[in-house]
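Inspection log for the structure reproduced underneath, given as structure tokens.
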Amino acid sequence: MENQRQRGNDVGPTGLTVAANISRIRKSRQISLKQLESHLAKLGRRISLSGLSKIENGDRKVDVDDLFAIALTLDVSPIALLLPQGAPDDAVDVSGGRASLALFWQWALAADVGVSSDDLRSFQARSLPGWLSVESEIEWSGDGRITLGVAGPGTTDLVPRTTITFHTTVHDIDEPLGRRPDGIDQAAP
């Protein structure tokens with residue numbers, strides 16, 4: 001087995017989640033693979049029927065361009081394809097970490113993830129585009145509701161507040177895990 005070329009990583013837990021979510025959402029929207037293929041081609045992202053089938057079966061990776069085009073076609077946020085389904089308190093695996101589903105949603109939305117206020121503002125500054133800012137303090141009600149206020153470009157006026165409800169129990173964690181949000185454990189190698 002000299003000079004055997006490694007072709008990259010296998011499809012990991014997030015890739016398998018994306019595959020399952022594409023299949024689930026496509027079927028719930030009653031979109032055939034052929035229709036998905038046709039619409040993706042109209043968006044300039046050609047993926048053959050065979051390629052789409054392999055994606056849904058977890059045999060082919062989805063790159064970021066595929067992910068966005070598929071999300072647009074299925075009329076969902078890319079986050080809806082990236083994160084697993086389940087109950088908020090379910091411990092889930094993503095590529096690089098393990099935590100509750102609710103915590104991953106909070107992290108993906110750049111919401112309070114159990115870090116100090118200064119760390120949270122820094123996290124949000126790195127996570128959001130410069131023209132979009134979350135109000136200085138995100139409200140966490142403790143009963144599973146997070147309220148976000150978003151300021152538009154060039155203004156400090158907040159658009160109507162958005163409330164996201166997680167039906168979960170939040171536990172205080174004394175120490176952050178390095179620069180990771182509290183509660184997101186590093187995946188085993």
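Keep in mind that this is a model prediction, so the values were computed, not measured.
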key: Side-chain heavy-atom pair L103, S100 within 4.5 angstrom cut-off   = yes
query = What heavy-atom pair brings Q35 and Q30 nearest, and what distance separates the two atoms?
reply = OE1-O, 3.7 Å
query = Going only through I, L, V, M, F, W and Y residues with side-chain contacts under 4.5 Å, is there a path from I22 to V11?
reply = no
key: Hydrophobic cluster identity match, L74 and L33, side-chain contacts under 4.5 Å   = yes
request  = Would you give the length of the straight line joining atom CG of L40 to atom CG of L72, rounded to the nearest 0.5 angstrom?
outcome  = 9.5 Å
Atom pair NE2/CD1 of H39 and I47 - distance to nearest 0.5 Å = 12.0 Å
message = Check whether T73 reaches the backbone of A69 with its side chain - one donor and one acceptor, N or O, closer than 3.5 Å.
response = yes
inquiry  = Could you tell me if the side chain of V92 sits less than 4.5 Å from the side chain of P84, heavy atoms only?
reply    = yes
inquiry  = Do K61 and D10 have side chains that approach each other closer than 4.5 Å (heavy atoms only, starting at C-beta)?
reply    = no
query = Rounded to the nearest 0.5 Å, how far apart are CD of E37 and OG of S53?
reply = 11.5 Å
query = Can you get from L43 to V62 by hopping between Ile, Leu, Val, Met, Phe, Trp and Tyr side chains that sit under 4.5 Å apart?
reply = no
query = Got a second to check how far S95's OG is from L16's CG, nearest 0.5 Å?
reply = 8.5 Å
request  = First locate atom CZ of F68, then atom CG of L81, and finally report the distance between them rounded to the nearest 0.5 Å.
outcome  = 10.0 Å
message = Do V18 and I31 sit in one hydrophobic cluster, given that two such residues count as connected whenever their side-chain heavy atoms are within less than 4.5 Å of each other, even indirectly?
response = yes
request  = Report the distance from atom CG of D93 to atom OG1 of T14, rounding to the nearest 0.5 Å.
outcome  = 9.0 Å
note = Residues T17 and L82: closest non-hydrogen pair is CG2-O, 3.5 Å
ask   = Taking all atoms of both residues into account, what is the closest heavy-atom pair of P78 and L67, and its distance?
value = CB-CD2, 4.1 Å
task = Using the salt bridge (charged side-chain N to carboxylate O under 4.0 Å, His left out) rule, collect all pairs that involve residues 39-56, keeping only residues at least two apart or in two chains.
result = R26-E56, R45-D63, R45-D66
query = If we only count heavy atoms from C-beta on, is the I79 to L109 side-chain gap below 4.5 Å?
reply = yes
inquiry  = Check for me, please, whether I55 and L83 land in the same ILVMFWY cluster - side-chain distances under 4.5 Å, paths through other members count.
reply    = no
